[in-house]
Amino acid sequence: RQKKELLRLVFHPAGKVSFDPRQTSLGRGFYLCPEKKCFSLAYKNSRWRKFFLGDDGPTDLFLTICATVRSSIEQNVALGKKMNCVKNTDDE
């Protein structure tokens with residue numbers, strides 16, 4: 001996949017992994033496809049497992065990323081409505 005289609009995760013010295021939605025944070029990072037199975041495969045891979053151990057696990061990280069992306073989408077849709085670029089519908 002192209003880089004813009006992937007999610008970037010960044011390692012922090014404290015052993016945490018965080019989502020980098022803009023793909024601009026400093027630090028060592030890695031990219032995953034935006035599917036839950038990719039998180040499970042990365043967690044099973046012994047090379048990456050140590051970075052997930054400091055977190056609540058790949059599932060919680062995946063859910064955090066989903067919430068961040070959803071919030072960004074909602075903000076952009078709201079802005080689009082204000083600018084009359086997005087048609088108001090009853091289907092939110």
Side-chain angles (χ1 to χ4, degrees):
R1 295 183 184 215
Q2 294 181 5
K3 181 179 168 182
K4 66 182 181 181
E5 296 175 2
L6 301 173
L7 303 175
R8 182 169 189 258
L9 304 176
V10 179
F11 303 126
H12 298 282
K16 290 292 225 176
V17 177
S18 67
F19 174 47
D20 179 14
R22 296 185 187 267
Q23 298 186 349
T24 58
S25 293
L26 295 177
R28 187 174 175 101
F30 66 99
Y31 293 87
L32 285 176
C33 70
E35 297 178 20
K36 192 172 183 176
K37 69 179 179 179
C38 292
F39 286 80
S40 296
L41 290 172
Y43 182 71
K44 290 177 184 177
N45 181 327
S46 61
R47 182 175 177 199
W48 302 116
R49 175 176 272 179
K50 63 183 175 180
F51 296 106
F52 287 108
L53 292 179
D55 291 315
D56 296 325
T59 300
D60 288 340
L61 181 59
F62 179 79
L63 293 174
T64 300
I65 292 169
C66 287
T68 302
V69 170
R70 179 171 300 165
S71 174
S72 176
I73 291 169
E74 289 170 352
Q75 290 172 5
N76 286 322
V77 167
L79 179 60
K81 286 179 180 178
K82 286 181 183 178
M83 296 175 66
N84 293 322
C85 297
V86 175
K87 185 177 178 182
N88 277 327
T89 65
D90 291 333
D91 300 330
E92 290 294 329

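- Val10 and Leu6 fall into different hydrophobic clusters, where Ile, Leu, Val, Met, Phe, Trp and Tyr are joined by side-chain heavy atoms under 4.5 Å apart, directly or via other members.
- Of the possible donor and acceptor atoms, one in the side chain of Asp20 sits under 3.5 Å from a partner among the backbone N and O of Ser25.
- In this structure the side chain of Tyr31 never reaches within 4.5 angstrom of the side chain of Arg1, judged on heavy atoms.
- Between the CD atom of Glu35 and the CG atom of Leu7 there is a distance of 10.0 Å, given to the nearest 0.5 Å.
- Scanning both residues, Arg8 and Arg28, for their nearest heavy atoms gives NH2-C, 4.4 Å.
- Using a 4.5 Å heavy-atom threshold, the side chains of Phe19 and Leu9 count as touching.
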